[in-house]
Amino acid sequence: MTWELSDLLRAIATTIVIGIHASHPWWFGVHGTNHLDPEIFIDTAVNQVGRFTVPIFVILSGFALAKSEEKRPFELSIFIQRRLWRIVPPYVLFTLLNTVGRSQFLAGNWLDRGQQIGQALASGMGDYHLYFLGIIFQCYVAYPFLRRLSFSPHKLVALLFITFALFSLRWLSATFGWLPSLTNLLPDGNHVIYWLPYFQLGIWLAKDRGWTNEIVSAWRSPRWGYLFVIATVIELSEFYGSAILKNSAEAVGHYTRPTVVFLTLTFLLWSISWRNWEIKSPAFAISPIFKPIFNPIPQLWRSLQAQIKAQKIKAQIQIFSKASFTTYLIHVWVLRTIAPLEIVGGILYLPLAIALSWLGGITVWRLLLKFQSST
């Protein structure tokens with residue numbers, strides 16, 4: 001893992017998260033499980049395959065914190081100050097913006113309004129995307145302790161085993177009703193217990209002394225791509241099966257599923273391997289089924305690498321990376337503003353929503369930079 005790859009993954013993840021939220025009206029199971037057409041299938045694929053993005057965000061957060069210690073030593077007071085300033089103001093601001101506009105808030109007295117604001121701030125549900133800030137804040141609280149855990153392959157295997165076991169128990173209990181006593185013991189998907197393993201994985205990626213790169217380089221990138229394709233098929237199949245079983249998408253289509261863990265890890269390993277297209281020559285023929293997917297990627301990646309080395313694209317990637325947090329915060333407001341455009345249909349609406357959200361996010365980010373430089 002490198003800073004350059006981290007920037008690229010942050011931009012990719014933000015783009016897909018926007019697509020997840022924009023695809024919701026056409027998500028399979030939202031309006032029943034008896035109908036499937038190309039529009040629903042495409043939007044469901046974006047919605048479900050894109051579920052690796054939020055775990056990737058958490059991994060990148062752990063990686064960035066641990067990697068930054070190479071430039072400056074860890075100091076608890078400075079860490080607390082910077083993390084609080086990054087999370088708390090936007091969390092409070094966007095919670096208030098959404099809460100005070102609700103009809104229930106406007107109809108209540110001052111005591112009711114105060115209780116609604118307090119409940120929204122405490123629950124992390126002031127808006128549907130703010131739960132992530134609560135998760136990251138709890139990870140930040142744990143970071144001074146987690147950073148002390150040294151990396152070793154044995155610890156990594158133990159972490160992955162515990163993670164898959166935890167997610168599998170939660171999924172089996174919630175989906176099939178097995179071990180019903182666990183339902184009361186295991187918290188919902190927003191609890192930090194499900195996100196700390198990703199966070200620790202990101203910390204270790206910054207401290208593994210190249211161990212992950214050595215493991216990944218044993219396979220050429222197309223092989224990791226094949227594995228990611230397999231993970232997407234498994235995840236989509238599990239989602240459709242569970243949605244039909246439950247007759248609901250909302251009951252199954254989120255993050256506390258072992259298939260999402262597998263999807264996240266395979267994408268992460270595949271992304272780390274992207275540079276391997278220039279390291280090794282093809283070792284086996286690519287299946288005709290996947291040639292349209294994998295054949296163009298080596299040429300595109302080589303071209304991208306050359307332009308990055310020439311500083312032609314690196315600056316643009318950094319802009320998208322730096323503006324990603326702002327874009328994430330405001331994209332739900334962009335989606336609400338352009339909701340009338342949903343009439344064009346899910347296939348056209350998704351790229352439109354993504355483009356306008358990025359335009360708004362980068363614009364606001366630039367305005368904030370100008371404001372900070374003028375004060």
Side-chain angles (χ1 to χ4, degrees), residues 1 3 5-15 17-18 53-99 117 120-147 190-192 195-196 198-203 205-206 317-334 357-358 360-375:
M1 178 71 77
W3 282 117
L5 179 60
S6 175
D7 288 340
L8 180 59
L9 292 183
R10 201 175 298 275
I12 291 173
T14 302
T15 301
V17 164
I18 298 170
T53 52
V54 177
I56 285 291
F57 272 132
V58 178
I59 291 171
L60 293 178
S61 296
F63 171 80
L65 289 176
K67 193 72 173 178
S68 64
E69 292 189 26
E70 295 179 0
K71 298 180 180 179
R72 55 181 179 272
F74 178 81
E75 293 185 27
L76 184 60
S77 59
I78 295 177
F79 172 80
I80 293 174
Q81 180 181 359
R82 287 179 173 173
R83 295 305 106 189
L84 286 177
W85 179 249
R86 178 172 175 79
I87 292 294
V88 174
Y91 177 75
V92 173
L93 173 62
F94 282 89
T95 297
L96 292 176
L97 285 176
N98 192 54
T99 303
I117 291 174
L121 289 171
S123 65
M125 300 306 294
D127 210 339
Y128 65 81
H129 68 315
L130 294 180
Y131 76 94
F132 176 72
L133 298 189
I135 290 170
I136 289 296
F137 180 78
Q138 294 176 80
C139 290
Y140 287 164
V141 172
Y143 178 74
F145 305 97
L146 297 181
R147 62 179 291 273
N190 292 338
H191 197 279
V192 72
W195 300 95
L196 285 178
Y198 293 122
F199 192 66
Q200 184 65 63
L201 182 61
I203 295 172
L205 278 174
I317 293 176
Q318 287 180 341
I319 288 174
F320 277 91
S321 177
K322 291 177 180 178
S324 61
F325 186 57
T326 304
T327 303
Y328 177 82
L329 289 173
I330 74 164
H331 82 276
V332 296
W333 292 85
V334 174
S357 295
W358 270 115
I362 293 175
T363 301
V364 173
W365 173 72
R366 290 187 184 277
L367 290 174
L368 290 173
L369 285 182
K370 290 183 179 180
F371 176 77
Q372 290 175 359
S373 62
S374 63
T375 55

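Only a predicted model underlies this, so the values are computations on that prediction, with no experimental measurement involved. The residues of the chain are indexed from 1 along the displayed sequence.
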Set of side-chain contact (heavy atoms from CB on, under 4.5 Å) partners for L93, sequence neighbours left out: L97
Is a side-chain N or O of S324 found less than 3.5 angstrom from the main chain of S321, in a donor-acceptor match? yes
Any side-chain heavy-atom pair of I203 and Q200 under 4.5 Å: yes
Rounded at 0.5 Å granularity, tell me how far NE2 in H191 sits from CD in Q138. 7.0 Å
With rounding to the nearest 0.5 Å, note down the distance linking OG1 in T326 to CD1 in I362. 10.0 Å
Starting at CG of L60, measure out to CG of L201 and round the result to the nearest 0.5 Å. 10.5 Å
Heavy-atom pair with the smallest gap, counting every atom of I56 and A13: CG2-CB, 4.4 Å
Side chains of R86 and Y140 in contact at under 4.5 Å (non-hydrogen atoms): yes
Nearest heavy atoms of I135 and V192, plus distance in Å: O-CG2, 4.4 Å
Ignoring hydrogens, what is the shortest heavy-atom contact between I87 and L133? Give both atom names and the distance. CG2-O, 3.9 Å
Return the CH2 to CZ distance between W3 and R10, rounded to the nearest 0.5 Å. 8.0 Å
Considering residues at least two apart in sequence or located in another chain, which fulfil the side chain to side chain donor-acceptor pair (under 3.5 Å) criterion with Y91? none
Report yes or no: does T327 contribute a side-chain atom to a donor-acceptor pair with the main-chain N or O of A323 at less than 3.5 Å? yes
Keeping to residues at least two apart or across chains, list the salt bridge (Lys or Arg N to Asp or Glu O under 4.0 Å) pairs with something in residues 63-85. K67-E70, E69-R147
Only pairs at least two apart or in different chains count here, so list each salt bridge (Lys or Arg N to Asp or Glu O under 4.0 Å) that has a residue in residues 126-144. D127-R336
Going from CG on L96 to CD1 on I117, what distance comes out if it is rounded to the nearest 0.5 angstrom? 5.5 Å
Could you check whether any side-chain N or O of S68 sits under 3.5 Å from a backbone N or O of L65, counting only pairs where one atom can act as donor and the other as acceptor? yes
How many angstroms lie between CD1 in I319 and CG in D7, if you round to the nearest 0.5 Å? 11.5 Å
For T53, which residues count as a side chain to side chain donor-acceptor pair (under 3.5 Å) partner, sequence neighbours excluded? none
Test of understanding: with ring-ring contact (aromatic ring centres under 6.0 Å, His included), list the residues that count as partners of F325, not counting sequence neighbours. none
Return the set of residues passing side chain to side chain donor-acceptor pair (under 3.5 Å) with N98 (not counting sequence neighbours), or none when no residue passes. none
Of all residues at least two apart in sequence or in a different chain, which pass the side-chain contact (heavy atoms from CB on, under 4.5 Å) check with F132? V54, F57, V58, I136, Y328
Taking only residues two or more places apart in sequence or in another chain, which ones pass side-chain contact (heavy atoms from CB on, under 4.5 Å) with Q81? none
By ring-ring contact (aromatic ring centres under 6.0 Å, His included) - contacts of F74 (at least two apart): F79, Y143
Contacts of type ring-ring contact (aromatic ring centres under 6.0 Å, His included), residue W358, not counting sequence neighbours: F320
Smallest separation among heavy atoms of W85 and P90, with atom names: O-CD, 4.3 Å
According to side-chain contact (heavy atoms from CB on, under 4.5 Å), who are the partners of V141, at least two apart in sequence or on a separate chain? F137
